[in-house]
Structures are given as structure tokens and as C-alpha cells.
Asker: 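Quick one: this structure, given as C-alpha cells, is what I'll be asking you about.
One-based numbering along the sequence shown.
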Amino acid sequence: MSEVKLAAEIRTEFGKGAARRVRRENKVPGVLYGHGSNPVHITLPGHELLLALRTSNVLLSLDIEGKTELAIPKAVQRDAIKGFLEHVDLLIVKRGEKVNVEIPVHTEGELAPGAYLVEHVLNALPVEAEATHIPESVTVSIAGLAAGDSILAKDVPLPSGTTLAVEDDTVVVQVLAAQAEEPTGEAEAEGEEAAEA
């Protein structure tokens, strides 16, 4: 798991106008909370934060006016059209502490011959892991699977120190038979007219 160091500044102005001013300076407003402490309003460097958030569950080492805090992203708000970061909520974590997160599930391998589709029932698997050792993702093999086969949460290989935060029999990936397209209503109506003629 990667740890990214960012310099953060305490934010003293609030509201939409203040947030716009922060964003114009290519910074992102955020809130740091957790461990019973009062929420701390901060600003973070926009480009560096954007790069860091490309890794899911990234561990951020924040330098806030000389004090270092470890945090993981809990909620990220992006502009719906342009995609830039509008706000970020960060959860304070401690080394050795366990946290609940969701990690992306990837598949590898080829399905059995035939017209089959892979359905990701869970795109991300809820797990409990040490805050400083959160896996970036998990990979499951779908090699040789056919319609009706599925991979359950208990079948997903997890790194040591990581445990499931869902029931063992939760379906993560399942294989479905590809369905032929059904004729549209117009085609059916034309077929009935032809039969009557």
C-alpha cells in the first residue's frame, strides 16, 4: 500500500465563497476527523491530491502546520461535469489500527467455451485491514467457469492481516448464460399480420 505525503493548511474561512477561492488557488477544501477529535477544516494541494486518489484507499500522511496525521479518504466530491475535486472527507487512522474499507475486485482468466457473461455482483469487497496495510485490490480467477458458477466472498484470496467484512456466502462474481435478443413488439405484430393474411 502506498503512503503519500501532502502538506495541508488549516482553513479558517467557510462557505461557498471561501471554497471557490480555495479552488481558484488549485487547492481542495477538506475535513479531517476521527478518534474522538474535533473536525479540522483543511486545504490540500489539488494536483497532488488528485494523483494520490488514483489509488483506492490511499494512505495520506498529512503535514498540518508541523504535526503529522495519517488519514484515509472517506468521501470525495467531484464536479459532475469537469471532474475536478470539490471537497474531501478524511478519516484519521493510527498505525496498527484496523479499519473497514472496500477494495476493488479484478478478474483474470478465460471462461469455459460458450456464450457466457461475467457479472460483478460486488465491484468492491468490504474488508477489515490494518490502516497502514490496506490492499489496493484483490484478483479472482474465473478460468473455466460456466453459466451458474459463482465466486463467493470466502473464495477470494486475501492478503494476511485482511479479513472479510461481509458474510462468507456473499456472491462476488457470477457467470450467466448470454441471452439472445428477443424480437421487438413491432416485429411480433408484423409476424401476426402475415399469419392472418
Asker: Do V121 and V172 have side chains that approach each other closer than 4.5 Å (heavy atoms only, starting at C-beta)?
Answerer: no
Asker: In Å and rounded to the nearest 0.5 Å, what is the CG to NZ distance from L59 to K5?
Answerer: 11.0 Å
Asker: Any link between V171 and V175 through a network of hydrophobic side chains (Ile, Leu, Val, Met, Phe, Trp, Tyr) touching at under 4.5 Å?
Answerer: no
Asker: Let me check something: any side-chain donor-acceptor pairs from residues 146-159 under 3.5 Å, sequence neighbours excluded? List them with distances.
Answerer:
from	atom 1	to	atom 2	distance (Å)
D149	OD2	A146	N	2.8
D155	OD2	L152	N	3.1

Asker: With sequence neighbours excluded, give me every side chain to side chain donor-acceptor pair (under 3.5 Å) pair touching residues 165-177.
Answerer: E119-Q174
Asker: Holding to side chain to side chain contact (heavy atoms under 4.5 Å, CB included), I want the full list of residues that pass it with V31, two or more places apart in sequence or in another chain.
Answerer: R11, Y33, P39, H41, H87, D89
Asker: So do V58 and L53 actually touch side chain to side chain, heavy atoms under 4.5 Å?
Answerer: yes
Asker: Pairs in or reaching into residues 48-73: which pass ring pair (Phe, Tyr, Trp, His ring centres under 6.0 Å), with residues at least two apart or in two chains?
Answerer: none
Asker: Please output the side-chain donor-acceptor pairs of residues 96-116 that fall under 3.5 Å, not counting sequence neighbours, one pair per line with the distance.
Answerer:
from	atom 1	to	atom 2	distance (Å)
E97	OE1	H35	NE2	3.0
E97	OE1	K94	N	2.7
E97	OE2	H35	NE2	3.2
K98	NZ	G161	O	2.8

Asker: For residues 43-50, dump all side-chain donor-acceptor pairs below 3.5 Å to protein atoms at least two apart in sequence or in another chain.
Answerer:
none

Asker: Same cluster or not: are L51 and V88 linked, directly or through other Ile, Leu, Val, Met, Phe, Trp or Tyr residues, by side-chain heavy atoms under 4.5 angstrom apart?
Answerer: no
Asker: With heavy-atom distances below 4.5 Å as the criterion, would you say the side chains of I42 and L90 are in contact?
Answerer: yes
Asker: Is there any ring pair (Phe, Tyr, Trp, His ring centres under 6.0 Å) pair reaching into residues 139-165, and which pairs are they, with sequence neighbours excluded?
Answerer: none
Asker: Looking at every heavy atom in both I92 and G34, which two are closest together, and how far apart are they?
Answerer: CD1-O, 4.0 Å
Asker: For a quick test of reading the model, state the closest non-hydrogen atom pair linking L145 to S141 and the distance between them.
Answerer: CD1-O, 4.3 Å
Asker: Run the salt bridge (charged side-chain N to carboxylate O under 4.0 Å, His left out) test against R95 and tell me which residues pass, sequence neighbours left out.
Answerer: E3
Asker: Determine all donor-acceptor pairs shorter than 3.5 Å in which one atom belongs to a side chain in residues 60-77; sequence neighbours excluded.
Answerer:
from	atom 1	to	atom 2	distance (Å)
D63	OD1	G66	N	3.1
K67	NZ	E69	OE2	3.4

